[in-house]
Novice: 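Dropping the structure in here first, questions after.
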Number of protein chains: 2
Amino acid sequence: MVRKKRARPSSYSGSITIDDVADMAGVSTATVSRALSSPGLVARDTRERVLEAVRNTGYIPNVAARSLRAARSKLALVVFPTCITPFFSELLIGIENALSAEGYGLITGSLLERPERETQLVHLVAAKQVDGVILLNGQMIRSDTLRVDQLDVPIVAVGVPGKSDIPSVLIGEREGAAAVAWHLLELGHRTFGYVTGAPGYVDDERWGGFTEVLTEAGIAVSEIVRYPGDFTGASGIGAGLQFIESSKRPTAVFAISDMMAIGFMKTLREAGISVPADVSVVGFDGIEFTAFCEPELTTIRQPSEVMGFEAARLLIELVQEKTIPADERSKTLGTELVIRESTAPPSR
Amino acid sequence: MVRKKRARPSSYSGSITIDDVADMAGVSTATVSRALSSPGLVARDTRERVLEAVRNTGYIPNVAARSLRAARSKLALVVFPTCITPFFSELLIGIENALSAEGYGLITGSLLERPERETQLVHLVAAKQVDGVILLNGQMIRSDTLRVDQLDVPIVAVGVPGKSDIPSVLIGEREGAAAVAWHLLELGHRTFGYVTGAPGYVDDERWGGFTEVLTEAGIAVSEIVRYPGDFTGASGIGAGLQFIESSKRPTAVFAISDMMAIGFMKTLREAGISVPADVSVVGFDGIEFTAFCEPELTTIRQPSEVMGFEAARLLIELVQEKTIPADERSKTLGTELVIRESTAPPSR
DNA sequence: ATGAAAGCGCTAACAG
DNA sequence: CTGTTAGCGCTTTCAT
């Protein structure tokens, strides 16, 4: 089959290749390629002729060919946890902002409680379909034979503290949780509850920061009532139920996610227990809805969009120059205690 | 440079190609390719030998090469609206479920209020980087020279009713809004408010279904108080402010998104106006928060995850066999009126 | 049922 | 500064 020599600007349909542009501009394909990728290497007027031809033909480089040849796809994979809360949507916005500014695309993947998804996602990486990975979930993804952190692709984790040496964007988890403890202590609380997250590093850190301050204030850790949770609103409701059924009721409860705090408050409200009059509640994350619920939730705000943005920036640096000084391979951002209506001095 | 002839299973690092597998299995690359893509064309034992070699080498096909050759990427683009509400996260889950089940990956893109993003996204399509597009935003994306709906790539729109002939997954917008009207009428309401969405088809349809029923019930459309909104919680607060400041206060208000309804209720609550005692409020979408706010919101639930799933299924069919009977190119799903605490008979 | 060979569209040496 | 050339890794006729 003979390829047409002149492109038809009227249609975008794929058949316009670099050859067409080269023909029209009267240069070689190499020059076209250079004019597009490394403008500095091409003479001014040649470049303009090429650009003109690009415009006339409606040429758009074929990404597959470029990826194959250049061995990079300009695509990043973002792995979500099973449960996608609004917090992650906000992260995503920051990520996309940074990525798209540098011409990178964004493949998303979540595990969706289907184990084979893990393998699929790792294969995406192994197949060189993506240049880098942003991990939003604590549970490291792995599959039978492949582990994502063993692939030679840059990885950035977000909000997963711990001893891992993966470049990360973190927040001051301990400091945030400590601020909650101080705030509650200042209000005069002496008995505390804590709604846990699904087991993992975040929970450890927040628990650590929370208890450390309380311990210093003379509160016995064993006296803190722990309600099991998994970050979801539903688990917050469960925690609320436990609170109600138990005779041991702390006057202040710290739920380490906003959704849990909101579910918790809802259960208490229905049981006729007033927040903050009877019990103070604090969340963690700072999602939009905390300003809309009743009462408005006191919480620790994470700079979610910034976190996403920084993570993507870090990844791009990693992709481009594989050598980042060890001390710059992680960033820790601060959090902010947002005091609203759900906390008050204890009534007794 | 000489390519290594034997692959090293101990590393995933890219260099294992189809040649390595062919060598190890003692067959040609063509056979390996067939054994993997069209198993039927290869003799049983040959195939097994190939599979064995694949396992031993840890071979993973290079997607770029495959895309280039096969002229398809097994990637779909999902375009989000500027404002990502939890409703869209739910859609995304359904989409990813359907896509990943068929081995398709998922590129996401949103406009992010930056006009040049439009061009970027359209280029993604034009560059053949994706096999299909799912449009979650009403505002058709277009750029100076390219329009996404003119590219020869299958497109599916979700929740964008109207005369467009783009294959779509829709919900019964009119019926849903009509159900709201019936519900309110049945409760005895005779004065109504309506919080609009950003201008577009959804608003037209919902307004149409809502007013049609009210008109039949003898309510003059001109008597319905319209509060401008844009789907966000913030705009719901604005609507609430307008409600409060006006002397003309309907006893029932229909906000066409849950976030607006929630913001609206919050404003009233702060002004000491009780929902539903003083005014009934109904939302639309059925996001998770509606069950957590105070009072729990009466709303129209859209089957978001199913919508996403169906949209992706439709897209896959479109991608695979480009001929779908016209009457199967769109699906309309039903909605459900969820009656909760925010609606009650008017007090007067 | 299998192999040989020809590219898909692009980039990067290497010359000139 | 620009052109020639040689593939990137895979699929797919066309033979056998």
Side-chain angles (χ1 to χ4, degrees), chain A residues 1-5 7 12-23 25-50 53-54 57-74 123 126-129 131, chain B residues 1-5 7 12-23 25-50 53-54 57-74 123 126-129 131:
Chain A
M1 202 188 306
V2 185
R3 176 112 68 61
K4 295 195 193 63
K5 273 303 175 187
Y12 321 130
S13 345
S15 40
I16 299 159
T17 74
I18 201 172
D19 297 278
D20 300 315
V21 179
D23 280 6
V27 296
S28 73
T29 61
T31 300
V32 175
S33 176
R34 284 190 285 255
L36 260 25
S37 308
S38 330
L41 301 179
V42 174
R44 203 183 209 311
D45 54 338
T46 314
R47 181 181 352 132
E48 269 163 16
R49 207 143 28 86
V50 171
V54 167
T57 52
Y59 168 70
I60 293 187
N62 177 311
V63 208
R66 184 175 277 183
S67 299
L68 177 57
R69 182 62 233 230
R72 50 159 187 58
S73 62
K74 284 253 173 183
H123 275 233
K128 302 278 172 199
Q129 178 141 225
D131 294 344
Chain B
M1 201 189 308
V2 185
R3 177 112 68 61
K4 296 196 193 61
K5 272 306 178 186
Y12 321 131
S13 346
S15 41
I16 299 159
T17 74
I18 200 170
D19 297 276
D20 300 314
V21 179
D23 280 7
V27 297
S28 73
T29 61
T31 300
V32 175
S33 176
R34 286 188 204 110
L36 259 25
S37 309
S38 331
L41 300 180
V42 173
R44 203 182 207 311
D45 55 337
T46 313
R47 186 187 339 142
E48 270 164 16
R49 209 144 25 88
V50 170
V54 167
T57 52
Y59 168 69
I60 293 186
N62 176 311
V63 210
R66 185 174 276 184
S67 299
L68 178 57
R69 184 61 235 236
R72 50 162 188 56
S73 62
K74 283 248 164 190
H123 274 236
K128 302 278 171 200
Q129 179 141 228
D131 295 344

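Within every chain, numbering begins at 1; the chains are lettered A, B, ... in the order of the sequence lines, protein sequences first and strands thereafter.
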Novice: In whole angstroms, how far is the P atom of dC1(D) from the CD atom of Glu48(A)?
Specialist: 14 Å

Novice: Can you check whether Ser67(B) has a side-chain N or O nearer than 4.0 Å to OP1 or OP2 of dC8(C)?
Specialist: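 No, Ser67(B) has no side-chain N/O under 4.0 Å of OP1/OP2 on dC8(C).
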
Novice: dG9(C) P sits how many Å from Gln129(B) CD, rounded?
Specialist: 16 Å

Novice: Taking only side-chain N and O atoms of Ser33(B), does any of them lie within less than 4.0 angstrom of OP1 or OP2 on dT12(D)?
Specialist: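 Checking Ser33(B) against dT12(D): no side-chain N or O falls below 4.0 Å of OP1 or OP2.
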
Novice: If you assign each of Ala43(B) and Leu68(B) to its closest nucleotide in DNA chain C, which residue comes earlier from the 5' end?
Specialist: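 Result: Ala43(B).
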
Novice: If you compare every side-chain N and O of Thr17(A) against the phosphate oxygens of dG9(C) (OP1, OP2), does one of them come in below 4.0 Å?
Specialist: no

Novice: Let me know the distance between CD1 of Ile16(B) and C1' of dC8(D), rounded to the nearest Å.
Specialist: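 Rounding to the nearest Å, CD1 of Ile16(B) and C1' of dC8(D) are 16 Å apart.
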
Novice: Out of dG3(C), dG3(D), dT11(C), which has the shortest distance to the side chain of Ala30(B)?
Specialist: dG3(C)

Novice: Given atom CD1 of Ile18(A) and atom P of dG3(D), what is their separation to the nearest angstrom?
Specialist: 12 Å

Novice: Over how many whole Å does the gap from Lys128(A) atom NZ to dC10(D) atom P extend?
Specialist: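 Rounded to whole Å, this separation is 12 Å.
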
Novice: Check this for me: does the side-chain of Arg69(A) come within 3.5 Å of the base of dG9(D) through a donor and an acceptor?
Specialist: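 Check fails, no donor-acceptor contact within cut-off.
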
Novice: Step by step, would you call Val50(B) with Arg47(B) a side-chain contact (heavy atoms from CB on, under 4.5 Å)?
Specialist: CA-CA 5 Å; Val50(B) 170; Arg47(B) 186 187 339 142; 5.6 Å; no

Novice: In this structure, how many angstroms lie between the P atom of dC14(D) and the CG atom of Leu41(B), rounded?
Specialist: 16 Å

Novice: Check every atom of dT12(D), dC10(C), dA13(C) against the side chain of Asn62(A) and return the nucleotide holding the closest atom.
Specialist: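 The listed nucleotide nearest to Asn62(A)'s side chain is dC10(C).
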
Novice: Under 3.5 Å, which donor-acceptor pairs link side chains of residues 30-44 of chain B to any protein atom two or more places apart or in another chain?
Specialist:
residue: Thr31(B); atom: OG1; partner: Ser28(B); partner atom: OG; Å: 3.3
residue: Ser37(B); atom: OG; partner: Ser33(B); partner atom: O; Å: 3.3
residue: Arg44(B); atom: NH1; partner: Glu48(B); partner atom: OE2; Å: 3.1

Novice: Please compare Val27(A) and Leu36(B) by the position of their nearest nucleotide in DNA chain D and report the one closer to 5'.
Specialist: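 Of the two residues, Val27(A) wins.
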
Novice: Could you tell me the separation between the CZ atom of Arg44(B) and the C1' atom of dT2(C), rounded to a whole number of Å?
Specialist: 18 Å

Novice: From NZ of Lys74(B) over to P of dC10(D), roughly how many Å is that when rounded to an integer?
Specialist: 17 Å

Novice: side-chain hydrogen bond (donor to acceptor under 3.5 Å, both in side chains) with Ser73(B): which residues, sequence neighbours excluded?
Specialist: Asp131(B)

Novice: Of all the heavy-atom pairs spanning Pro61(B) and Ala127(A), show the shortest one and how long it is.
Specialist: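 For Pro61(B) versus Ala127(A), the nearest heavy atoms are O-CB, 3.4 Å.
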
Novice: Where each residue is assigned the nucleotide of DNA chain D containing its nearest heavy atom, which of Val32(B) and Ala65(A) is assigned the position nearer the 5′ end?
Specialist: Ala65(A)

Novice: Would you indicate, yes or no, if dT11(C) has its OP1 or OP2 atom less than 4.0 angstrom from a side-chain nitrogen or oxygen of Arg66(A)?
Specialist: yes

Novice: For Thr29(B) and Asp19(B), what are the C-alpha separation, side-chain angles and deciding distance, and is it a side-chain contact (heavy atoms from CB on, under 4.5 Å)?
Specialist: CA-CA 6 Å; Thr29(B) 61; Asp19(B) 297 276; 3.6 Å; yes

Novice: Please determine whether a side-chain nitrogen or oxygen atom of Thr29(A) lies at a distance below 4.0 Å from atom OP1 or OP2 of dC10(C).
Specialist: no

